[in-house]
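Reviewing the structure listed below.
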Protein chains: 2
Amino acid sequence: MLRVGYPSAISADLLRDFPAEAELIPIADRLDRDIEIEVWIPDPFPTRAMRVWPHLHGVRLVLSLLAGTEWIPAVVGPRVTICNAHGAHNGSTAEWTVGAIFAMLKYFPLYLDIQRSGIWKRRFEAAAQYASITGDRRPLHPPVMLEELAGKTVLLVGYGAIGQEIERMLAPFRVEIVRVARAARTDPTVFPVSELHALLPRAEVAILILPATAETQGLIDRPQLALLPQGALLVNAARGPVVNTDALVEALRAGRIRAALDVTDPEPLPEGHPLWSCPNLLLTPHVAASSPQFAPHALRIAAGELRRYIAGEPLRNVVQAAI
Amino acid sequence: MLRVGYPSAISADLLRDFPAEAELIPIADRLDRDIEIEVWIPDPFPTRAMRVWPHLHGVRLVLSLLAGTEWIPAVVGPRVTICNAHGAHNGSTAEWTVGAIFAMLKYFPLYLDIQRSGIWKRRFEAAAQYASITGDRRPLHPPVMLEELAGKTVLLVGYGAIGQEIERMLAPFRVEIVRVARAARTDPTVFPVSELHALLPRAEVAILILPATAETQGLIDRPQLALLPQGALLVNAARGPVVNTDALVEALRAGRIRAALDVTDPEPLPEGHPLWSCPNLLLTPHVAASSPQFAPHALRIAAGELRRYIAGEPLRNVVQAAI
């Protein structure tokens with residue numbers, strides 16, 4: 001039997017798809033003894049996973065339930081194969097992105113304030129918000145109370161599986177989508193990241209959905225923010241360090257742009273950090289992927305890798321091959 | 001020349017499409033003299049329009065900039081033809097609907113509270129919200145922080161132009177759409193409203209997008225709310241009186257359902273009304289259609305009717321023909 005350790009917090013009935021050759025060993029959040037396992041499914045919370053790692057022996061394969069595996073190689077070392085759960089949260093993250101765009105364009109943060117105050121006529125504050133963030137100060141009648149996504153240009157920075165899923169979800173909304181990724185491609189046209197500066201001035205909505213690497217760290221900094229049009233909406237559904245937080249705080253406080261973030265740098269964002277109270281910002285605490293479908297989906301992917309591992313077939317989502 | 005009165009608050013450069021045969025008469029918000037016009041474009045705010053009406057003489061055609069014209073016939077009487085701006089806010093209203101659904105399923109009201117408090121770890125309150133509203137109290141790991149639209153059944157109550165636009169926008173989101181309208185249709189299947197009770201128990205999201213008529217008043221009352229599944233999301237982008245407000249307040253307070261409303265009954269909702277402070281509710285003060293594109297779009301439609309009126313051709317959007 002192949003000994004497979006999994007977080008005991010995960011309901012056992014989600015492991016029904018696992019192959020019969022696997023002996024499933026629930027691993028508690030804190031261990032006072034050592035455990036011998038060959039395959040390790042770490043807890044999705046890195047701090048909990050790192051706490052049990054010193055008690056694990058014989059691990060040759062790590063099956064992460066997340067797409068991001070940044071912390072794992074340094075902890076488990078180079079002699080262990082690491083697979084991620086590629087695709088498990090594409091749909092959920094893409095949905096969050098679409099929802100966050102609409103929340104900002106429909107001024108839901110303002111309307112939730114108004115709802116709490118219980119004063120219907122405060123809705124005219126929306127017209128002032130529109131004028132202030134877009135710079136369109138014409139005396140419009142009837143007053144503008146929210147914006148439409150239709151007609152806007154959306155810059156998609158990153159064109160992997162989640163980026164493509166976002167594009168698929170934006171299809172009915174009459175936007176022009178401009179794609180940027182590491183390397184240029186055709187059909188559809190994807191511009192190389194070297195052309196980012198030329199494209200930013202068109203981005204009424206800029207969506208960051210690229211992996212966190214040394215190359216993408218600080219990709220969006222003061223010069224890039226300065227190139228965005230007045231009132232542009234920056235959406236970060238990728239990783240916090242892709243954006244320079246200090247530069248973002250400055251741009252938000254200046255009323256230059258708006259933002260929707262599911263990720264921050266640092267993360268967790270400490271109490272009292274200036275980002276919390278920036279205007280024109282929706283900040284959710286890294287929750288975009290955490291839907292009820294997440295664990296079942298990620299465990300199905302892990303079960304597939306496990307079957308291939310047992311059968312001696314190539315694994316599909318290897319992010320580190322053991323040396 | 002055909003004398004056409006329009007609200008002076010509307011920027012004259014939006015009237016460029018108007019036919020040359022029309023003499024455009026700006027009408028101020030308050031009048032101290034009488035004005036002779038044949039065509040009247042009323043201010044989109046009924047109170048302002050009603051204030052000037054007694055000073056208008058010779059009006060034979062009213063071109064409303066809105067789809068809803070409820071107040072007009074009683075004011076202008078039966079000897080005047082009334083046209084609405086059919087279609088001017090379909091896109092904007094449908095976008096609001098999609099955005100409101102995501103705002104509720106992604107728990108943005110809760111996350112905006114958390115953002116204001118500046119305490120990252122409060123995100124686990126989302127798991128309690130999920131358990132409470134859906135009734136799914138399994139100890140899930142990782143904790144559920146939001147929901148997906150994918151996989152849900154959406155009941156579309158009303159299948160006119162806006163209902164069809166909402167369906168078009170929901171196409172990428174992997175939902176099952178069930179349609180209800182006054183009369184049954186096929187291709188696609190539309191159920192008659194007589195079958196509403198049989199369909200409500202399946203509606204994880206129920207969207208109201210039907211006209212306000214004597215038939216639709218109070219369509220959603222206690223018995224209908226009681227048929228919705230636990231945690232269902234009721235979205236009203238139609239007219240307030242379609243829902244019995246007292247029954248809705250009860251269902252929200254009981255934690256039975258959630259709701260997103262752009263319209264209420266009464267409207268405006270007075271200060272201190274219990275609806276303002278109901279849980280699991282997003283309430284926007286009748287703003288869904290009020291985008292920057294609204295006035296240009298509605299005035300283009302009015303210009304078209306005016307050209308046909310001058311040419312003696314049939315008008316397209318007649319809601320009352322003069323007797």
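Just so it is clear, the model here is predicted, and its values are computed rather than measured. Per chain, numbering begins at 1; letters A, B, ... match sequence-line order.
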Most heavy-atom pairs under 4.5 angstrom with chain B, which of [options]?
{"options": "A:Gly99, A:Pro109, A:Ala103", "answer": "A:Gly99"}
{"options": "A:Pro44, A:Ser92, A:Ala127", "answer": "A:Ser92"}
{"options": "A:Thr264, A:Leu65, A:Leu110, A:Val144", "answer": "A:Val144"}

Report yes if some heavy atom in the side chain of [X] is under 4.5 Å from a heavy atom in the side chain of [Y]; otherwise report no.
{"X": "A:Leu170", "Y": "B:Pro172", "value": "no"}
{"X": "A:Pro285", "Y": "B:Phe124", "value": "no"}
{"X": "A:Phe102", "Y": "B:Phe108", "value": "no"}
{"X": "B:Trp120", "Y": "A:Glu271", "value": "no"}
{"X": "A:Ser291", "Y": "B:Glu147", "value": "no"}

Checking [X] side chain against [Y] main chain: does a donor-acceptor pair fall under 3.5 Å?
{"X": "A:Gln115", "Y": "B:Leu283", "value": "yes"}
{"X": "B:Glu148", "Y": "A:Pro292", "value": "no"}
{"X": "B:Arg123", "Y": "A:Val287", "value": "no"}

Between [X] and chain B, which part of the residue has a heavy atom less than 4.5 Å away: side chain, backbone, both or neither?
{"X": "A:Leu112", "answer": "side chain"}
{"X": "A:Tyr107", "answer": "neither"}
{"X": "A:Leu281", "answer": "both"}
{"X": "A:Pro139", "answer": "backbone"}
{"X": "A:Ala171", "answer": "neither"}
{"X": "A:Ala94", "answer": "neither"}
{"X": "A:His286", "answer": "both"}
{"X": "A:Ser11", "answer": "neither"}

Contact class of B:Ala100 relative to chain A, heavy atoms under 4.5 angstrom: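 Both backbone and side chain of B:Ala100 come within 4.5 Å of chain A.
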
Pairing of A:Arg116 and B:Asp113 as salt bridge, 4.0 angstrom limit: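 Counted as a salt bridge, because a side-chain N and a carboxylate O are separated by less than 4.0 Å.
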
Pair B:Glu165 + A:Arg174, salt bridge at N-O below 4.0 Å: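 Yes, B:Glu165 and A:Arg174 are salt-bridged.
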
Which one, [options], leads in non-hydrogen pairs under 4.5 Å with chain A?
{"options": "B:Lys121, B:His273, B:Glu267, B:Met145", "answer": "B:Met145"}
{"options": "B:Ser290, B:Pro270, B:Pro143, B:Ala9", "answer": "B:Ser290"}
{"options": "B:Arg122, B:Glu95, B:Met169", "answer": "B:Glu95"}
{"options": "B:Ile10, B:Asp43, B:Leu146, B:Thr134", "answer": "B:Leu146"}
{"options": "B:Ala298, B:Pro268, B:Ala288", "answer": "B:Pro268"}

Distance, nearest 0.5 Å, that separates CG of A:Leu14 from CG of B:Leu140: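 Between atom CG of A:Leu14 and atom CG of B:Leu140 there are 8.0 Å.
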
Which atom of B:Pro142 lies closest to which atom of A:Ala295, heavy atoms considered: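 Reported closest heavy-atom pair: CD-CB, 4.0 Å.
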
Least distance between heavy atoms, A:Phe173 atom then B:Val98 atom: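 Looks like CZ-CG1, 4.1 Å.
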
Heavy atoms from other residues, nucleotides or ligands near CZ of A:Arg138 exceed 12 (cutoff 6.0 Å):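 Counting other residues, nucleotides and ligands, CZ of A:Arg138 stays at 12 neighbours or fewer.
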
Stepwise side chain to side chain contact (heavy atoms under 4.5 Å, CB included) test for A:His141 and B:Phe45: CA-CA 10 Å; A:His141 187 79; B:Phe45 292 104; 3.9 Å; yes

